[in-house]
Structure formats: structure tokens, C-alpha cells
Amino acid sequence: MNLKTKSILLLLLGTIFWGMTFVFIKDAISLMSVSGFLGYRFLLAGIVLGLIFIKRLSKIDWNTIKYGAIMSLPLLFSFLAQTIGLQYTSASKGGFITGLSVVFVPLILSVMQRKLPAMNIFIAVVLATSGLALLTLGSSLSLNIGDSWVFLSAILFAIYIIMVGNISKKCDGILLSVTQFFIVGVLCTAYAGIKGDLYIPTQYKLWQAILFTALFATAYMYTAQNYYQKYISEITTSIIFSFEPLFAAITAFFYLNEQLTEQTIIGGLLIFIGILFAELKWSDVKVFIYRK
């Protein structure tokens, strides 16, 4: 298995974990403040990852700290915005709006590079966005305060994806993750403490949410992203992440007995086709269409 394929599979596994977190986060923020929950989540992720790779910690240098601090800003505010938004909007609409990062990545890159996206990327974005809409949007298309917060989160996360693509090539991915986790964790914990919202959780559901999101959706996923994203493009990464609402729906099917409708299945297929288009060059597509 080459590095590109391995990178796609590992990020896809992490996206499954991300999709599963919506159920846990909704439970957690009903029992604890947003900053307190995120503080525990990121501090635990940083501690666990640091213990696993303790021999590497001595190699942390100024560049790692500098880039980790820079990257922690969009990561921190993206998670704050998303978690706050989930207090006021449904998980399905939150999943769709979060997935809009798949649109924002090529748009932001186009502005940065001062050129239009390639045709295959344009088609991939349209397909993936249509799939996300089918997966998560109901009859209501209104935008409430929660939707606005999650919309902001999607923009910030798109910026984070682009930054990972550029910075992860300059630093050790593991050390970069540990640095980001501790910075985000310390800032959130400090803020919760100042607000008087910090306490040691005693509820089972809260610890379940903290442990799952810290170990699988944070320690594993962001380390995989920081280490392996450099082997694939930012566009491919963002479209892989657009599977998140699909996995959220599958989680709801098994844990909440929600039915997977034809709309969900078709939406998932559109996202998969979008990923294929992101990996193909437009010249290859034309050769396939017009071949004799």
C-alpha cells in the first residue's frame, strides 16, 4: 500500500470517529460548559499522546512550538464555534454546515492562488455538497444563531486544513499535535476556571464523551491529519472529511434506531463520487468520456 492510499484510509477512519462524536458532544454540553468540556478533551488527548511518544518530546524545538501555536488558533475557535452552535441547532444541520468546509477549502485556495479551481475540483465540490445536503437537510432551510456559529466553524476549519497542508511538511506531525492539544486544552481550561465552570466530572455520559472525543476523535485523528495530510491534497482531504455526516447518520442508526433512508444512501454515493473526481485529472475524465 502506497503512502497516498494509506493516508486516505487513515483519514477516512478518523472521519468515522468524527461522525460518531455528534451524539457524545450533544450529551456532554448538556452537562458541562463548552470550554470545560473542550479543556478536558484536548488536555487528555495531549497527555495520552505525549505518554505514547514520550521519547520524542525532547525533540520539540522552537519551530514546533511556533507553528503549533499558530495552528491552534483556527483549531480552537473552530471547535468553540461548532460546540456552541450545537447547543442551538440540530445535529443534522450542524453536520451539513460543518461539511461546507469542503466548499470553503478550494474557494480559499483559489483566492490565495488568484485562480479558479480546476474543472474536476469544481465537479467534486458540487457533488460532495449535494450529497451533504441530501444526507442532512430536511424541509427547513432557515439559518438560526446555532447555524451561524457552525457556519463560522466550517470556515475556520477550512483554514486549518490548508494550514496543515503547508505546515505539516515543516515539523514532526506527532509533536505538532501534542503542542496544539496542550495549547487548546490549557486555554479552554483556564477560561472555564475563570468563569467558574470547571469541575471534575462524575457523570458516566460525560466521561464517555470526554474519553471518546479525546482519544479517538482528537488524539488519533488530528495526529493522523498532521502526519499524513502532506501526502494528499487539501481538496482531497476536505472531501474525505465530508463523509462525517454520513457516519453520524450510521451512528444514529445503531445507537438511536434511526432509519437510513434512500436519501441518506444517495447522499453517501454522491460524496464518494466527489472523492473520485477530486483524485482524477480533468484530462483523464475527458479521455474516459470520449474514448472510442
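Position 1 is the first residue of the sequence; numbering continues from there. All values below come from the heavy atoms of this structure, side chains included, with hydrogens, waters and symmetry mates left out. What you are looking at is a predicted structure, and each value in this text was computed from that prediction instead of being measured.
- Here the closest heavy-atom approach between residue T83 and residue I25 is recorded as CG2-CG2, 4.1 Å.
- A single hydrophobic cluster is seen to contain both I47 and I200, as judged by linkage of ILVMFWY side chains at heavy-atom distances under 4.5 Å, directly or through other members.
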Exercise for the section: Could you give me the CA-CA distance, side-chain angles and deciding distance for L75 and Y222, then say whether side-chain contact (heavy atoms from CB on, under 4.5 Å) is met? Expected result: CA-CA 10 Å; L75 182 65; Y222 284 97; 3.6 Å; yes
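- With values rounded to the nearest 0.5 angstrom, L38 atom CG is found 9.0 Å from Q82 atom CD.
- Both L51 and L175 sit in one connected hydrophobic cluster of ILVMFWY residues. Membership requires side-chain heavy atoms under 4.5 Å apart, directly or through other members.
- Interatomic distance, F22 CZ to F247 CZ, rounded to the nearest 0.5 Å: 13.0 Å.
- When side chains are defined from C-beta on, Y220 does not count as touching L215, because their heavy atoms never get closer than 4.5 Å.
- Remark: the backbone N or O of V184 is not paired with any side-chain donor or acceptor of S72 at under 3.5 angstrom.
- Taking the centre and axis of the six-membered ring of Y227, the NZ or CZ atom of K230 falls inside the cone set by 45° and 6.0 Å.
- Not one N or O on the side chain of T64 forms a donor-acceptor pair closer than 3.5 Å with the backbone of I60.
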Practice task
Test F42 against T218 for side-chain contact (heavy atoms from CB on, under 4.5 Å), laying out the working first.
Solution key: CA-CA 7 Å; F42 280 94; T218 307; 3.7 Å; yes
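- Judged purely by atom type and a 3.5 angstrom limit, K4 has no side-chain atom pairing as donor or acceptor with the backbone of I232.
- Between F17 and F216, the ring planes lie tilted relative to each other; the angle falls in the 30° to 60° range.
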Practice task
Could you walk me through whether F104 and F157 pass ring-ring contact (aromatic ring centres under 6.0 Å, His included), step by step?
Solution key: CA-CA 9 Å; F104 295 138; F157 191 68; over 10 Å; no
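- In this structure, CG on D27 lies 11.0 Å from CD on Q203, to the nearest 0.5 angstrom.
- One N or O on the side chain of T213 and one on the backbone of I210 form a donor-acceptor pair closer than 3.5 Å.
- Between the OG1 atom of T237 and the CD1 atom of I162 there is a distance of 10.5 Å, given to the nearest 0.5 Å.
- When atom types are taken as modelled, the side chain of S153 and the backbone of S78 share a donor-acceptor pair closer than 3.5 angstrom.
- Ring-centre distance between F77 and Y160: not below the 6.0 Å cut-off.
- Taking OG1 of T179 as the reference point, atom CG of L57 lies at 9.0 Å (rounded to 0.5 Å).
- At distances below 3.5 Å, not a single donor-acceptor pair connects side-chain atoms of T223 with backbone N or O atoms of S177.
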Exercise for the section: For the pair I108 and V111, evaluate side-chain contact (heavy atoms from CB on, under 4.5 Å) and give the outcome as yes or no after the intermediate values. Expected result: CA-CA 5 Å; I108 293 171; V111 172; 5.8 Å; no
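- Hydrophobic clustering (ILVMFWY, side-chain heavy atoms < 4.5 Å, transitive): L211 and Y204 are in distinct clusters.
- A salt bridge does not link K59 to D172: none of the charged nitrogens lies less than 4.0 Å from a carboxylate oxygen.
- Checking side-chain atoms of T21 against main-chain N and O of F24 turns up no donor-acceptor pair under 3.5 Å.
- For F241 and W18, the ring centers sit closer than 6.0 Å to each other.
- Note on I54: it clusters hydrophobically with I65, by side-chain heavy-atom contacts below 4.5 Å among ILVMFWY residues.
- Aromatic rings of F212 and W207 (six-membered ring for Trp) have centroids beyond the 6.0 Å cut-off, not under it.
- In terms of hydrophobic clustering, with Ile, Leu, Val, Met, Phe, Trp and Tyr side chains grouped at heavy-atom distances under 4.5 Å, Y40 and V186 are assigned to a common cluster.
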Problem - Test side-chain contact (heavy atoms from CB on, under 4.5 Å) applied to M32 and Y199, step by step - result: CA-CA 9 Å; M32 192 177 200; Y199 65 91; 3.8 Å; yes
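- With hydrogens and angles ignored, the 3.5 Å screen pairs no side-chain donor or acceptor of D197 with any backbone N or O of G193.
- For Q225 (side chain) and V164 (main-chain N/O), no donor-acceptor pair under 3.5 Å exists by modelled atom type.
- Taken from CG in L76 to OH in Y191, the straight-line distance is 11.5 Å, to the nearest 0.5 Å.
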